[in-house]
Amino acid sequence: MEDGESTPDGYPDFEEQLRKAVQVADLPSLLPAVAHLTGDHAILRDELRPGVHPTPLGLEPQGGLSIEKQELGRTLAMRALRNWHRAGRPAAPDYRPEDLQVLMEFVTGPVDADYLSLFLGQLGVGANGPGWTLEDVRPEREFRVVVIGAGMSGLAAAHRLDEAGVPFTVFERNDDVGGVWLENDYPGCQLDTSNFCYSYSFAQHAGWRYQYSRRDSILEYFRDFADAQSLRRHIRFRSEVTAATFDEDTGIWRLTVRDTADGSIDTVEAHAVISAVGQLNRPAFPDTPGRESFAGDSWHTARWNHDVDLTGKRVAVIGTGASAFQVVPEIAEAAQEVVLFQRTPPWIMPTPSYHAELAPGLRWLLREIPGYHRWFRFLQFWVGVEGRRRYALVDPAWDKPGSVSEDNHALRCALESYLEREFADRPDLLARVVPDYPPYAKRMLRDDGRWASTLKRDDVELVTDSITAITPQGLVTADGRHHEVDVIIYGTGFRASEFLVPMDVVGRGGAKLHDIWGGEPRANVGVTVPGFPNLFLLYGPNTNLVVNGSIVLFSEAEVDYVMACLRTLFDADARTIDCRPDALESFYERVDAASAAMAFGVKGVRSWYKSSSGRVSQNWPLSTLEFWQRTRGPDPSEYVLDRAE
């Protein structure tokens, strides 16, 4: 094909487009993608193997390859893709196990063989799905499942149940799918993890516009997934499950469902219940005296009041967590004044691309080169699996205040240096934005310089004195100052440790789940609770993530575990499957000990990762691989099967 001639698919000047695109390509992911697509494994030269172990502030650009090696990689990729295009763009060959290991280890380096099944799943190739159907396993069995919630986890569960032919109904209290991405529509709402990993491994998407997508793009992804898989026919919207009670005589769960539109009540029966209600969906408000007396408008970031125009108004924002961090720069553009009340400052990970669109050339490659988006996603997955975990590990012998290990201290120094650069012209602010706690003890936020520029505005004030009261006209701080405002916005987080609240869940012998937990939620592998047969929790206790993996990966793994539990039930022709109490105790001996050895488990730091007692009830403290292995299926010794008729 001559230069300037149109390609068969209508894109003119393919080679010129390719040349420009390869200049901005991520080589550590492009090279294995090209090697697989073209069959030219010779381009995977040892000297082009990337370094993918993150520094304190992230990966080195292009895997740390020198300029000369980058040019060599681009030349080899260009040549292979040009030949592929001139040959008529043949379809990529099927992935062969022996080839896959070579391709993956080009990115990761040699790894334990135990990782390979996890790798294959995240690459989105090979066997996928339950691998069985109810019709094949127990065709005469009557069995119906209720899924509570149609957010990210609920849709994954619905998809797998549908694949297995297990009858189910999803109850969703809102009028659409999406969960927190439907409910949180505040200005500036976006991901602070890569959206390539914040997507199902079995429904990967090549058309992302951003590295860290805006809320609307994520919501659209889940809506499109529900439509593509025809899941909406299984969902009852505007239906809130308020109670679930287990009947020991029949082995049936009876659920009370309230219609959120008219308040009517329905009773539904199910053989199993999958709770996918999430952790970050019930706003938390401070118990500040006088809060209800405020005469102006007020709301939580998760319940944004779009009827109120903030233009020219004096606005108070309480909190500097993830939501407020995104909201403040947005509303500062319109408000007359923003007063930001900070209890503790967040650590900030410098991310120059945080608000930037992906380069057009990169988007072109993701769209035009088959399979490239899988490898682009795989690289980010691998870095996130365990790559940053070492920076959160506690060294018991370490004694420097504000950090928990040499690696953690190195991270702290790098983050402090970033803040010192950002606030070099405002030492008064710098003293108030550097945290005194170790990095990763609380949620770390991402920024590209926008936070500092916002705090330095003349119409933005950062207040670090504690709020002692709220009046009809504003807020009073500990220094006696009265801050008069027109609007109060609460960026005060969620009641994350109150799992399944306010649902009333009753198990064997009339035991109430919330009484059993007593404010300390616990579940085996985060999924099952002794005494509550055939009840499965997604995004349950100790399944949140801080430094390793992706929450979507964990939800997928939990759904796999639920499906394996159901398969165990059907194979045994049992009525129920119930976790043994000793299995739960054994699980938490390991989890609690591991939590104490992580930065987010250190004493003296308040965060939503912990229950009211200070115990870490949210986060997974062990390796991603261990969670993956544990969720491949239930250990028979940990469960009791009831075969009663």
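- In this structure the side chain of L255 reaches within 4.5 angstrom of the side chain of I148, judged on heavy atoms.
- For the pair R630 and W628, the cation does not sit on the ring face, since its NZ or CZ is not both under 6.0 Å from the ring centre and inside 45° of the axis.
- Taking a cutoff of 4.0 Å between a charged side-chain nitrogen and a carboxylate oxygen, D573 and R141 qualify as a salt bridge.
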For side chain to side chain donor-acceptor pair (under 3.5 Å), just list the numbers for H306 and D185, CA-CA rounded to whole Å, side-chain angles, deciding distance to a tenth of an Å, and then say yes or no. CA-CA 9 Å; H306 292 276; D185 59 355; 3.0 Å; yes

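- Below 30°, between 30° and 60°, or above 60°: for F143 and F570 the angle between ring planes is above 60°, a perpendicular geometry.
- Of all non-hydrogen atoms in N534 and T576, the two that sit nearest each other are OD1-CA, 3.2 Å.
- Seen from the ring of F196, R377 does not count as a face-on cation partner, given the 6.0 Å and 45° thresholds.
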Step-by-step side chain to side chain donor-acceptor pair (under 3.5 Å) determination, E556 to Y200: CA-CA 8 Å; E556 286 186 25; Y200 301 125; over 6 Å; no

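- Ionic pairing of R254 and D247 is present here: one or more N-O contacts between side-chain nitrogen and carboxylate oxygen are shorter than 4.0 angstrom.
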Can you list the steps and then say if N195 with Y212 is a side chain to side chain donor-acceptor pair (under 3.5 Å)? CA-CA 6 Å; N195 47 235; Y212 303 94; over 6 Å; no

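- Taking 4.0 Å as the cut-off between side-chain N and carboxylate O, R443 and D192 count as a salt-bridged pair.
- With salt bridges taken as basic N to acidic carboxylate O contacts below 4.0 Å, one links D578 and R508.
- Nearest approach of T344 to K442, heavy atoms of both residues: OG1-CE, 3.5 Å.
- In summary, the aromatic rings of Y440 and F600 are positioned with their centroids too far apart to meet the 6.0 Å limit.
- In summary, the side chains of E520 and S611 do present a donor paired with an acceptor at a separation below 3.5 Å, with no hydrogens or angles considered.
- Taking 4.5 Å as the limit, every side-chain heavy atom of V166 sits out of range of all side-chain heavy atoms of P130.
- The pair E638-R580 fails the salt-bridge criterion, with no side-chain N (NZ, NE, NH1 or NH2) lying under 4.0 Å from an Asp/Glu carboxylate O.
- Taking the side chain as every heavy atom from C-beta outward, L566 and F536 approach each other to under 4.5 Å.
- Aromatic pair F341/H483: centroids less than 6.0 angstrom apart.
- V146 places a side-chain heavy atom less than 4.5 Å from the side chain of V268.
- Here the CG-CZ distance, from D216 to R209, works out to 11.0 Å after rounding to the nearest 0.5 Å.
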Between E183 and R173, does the salt bridge (Lys or Arg N to Asp or Glu O under 4.0 Å) criterion hold? Intermediate values first, please. CA-CA 11 Å; E183 295 178 346; R173 68 181 182 183; 2.9 Å; yes

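- Formation of a donor-acceptor pair under 3.5 Å by the N542 side chain with backbone atoms of V616 is found in this model.
- When T301, L219, V180, N184 are each tested for a side chain to side chain contact (heavy atoms under 4.5 Å, CB included) with C189, only one passes: N184.
- R160 forms a cation-pi arrangement with F202, by the criterion of a distance under 6.0 Å to the ring centre and an angle within 45° of the ring axis.
- Of the residues L545, L553, V547, the one that meets the side chain to side chain contact (heavy atoms under 4.5 Å, CB included) test with T624 is L553.
- Contacts of D176 classified as salt bridge (Lys or Arg N to Asp or Glu O under 4.0 Å), with partners at least two apart in sequence or in another chain: R223, R232.
- Within the model, atoms CG of L155 and CD of E172 stand 8.5 Å from one another, a figure rounded to the nearest 0.5 Å.
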Please report the C-alpha distance between S595 and D592 in whole Å, then the side-chain angles of each, then the deciding distance to 0.1 Å, and finally whether the side chain to side chain donor-acceptor pair (under 3.5 Å) criterion is met. CA-CA 5 Å; S595 293; D592 288 344; 5.0 Å; no

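- Between D266 and R236, at least one side-chain N (NZ, or NE/NH1/NH2) sits under 4.0 Å from a carboxylate O, which counts as a salt bridge.
- Between F168 and H271, the distance separating the two ring centers is not shorter than 6.0 angstrom.
- Using a 30° and 60° split on the angle between ring planes, Y221 and H205 fall in the tilted class, from 30° to 60°.
- L475 approaches A316 most closely through the heavy-atom pair CD1-CB, 3.7 Å.
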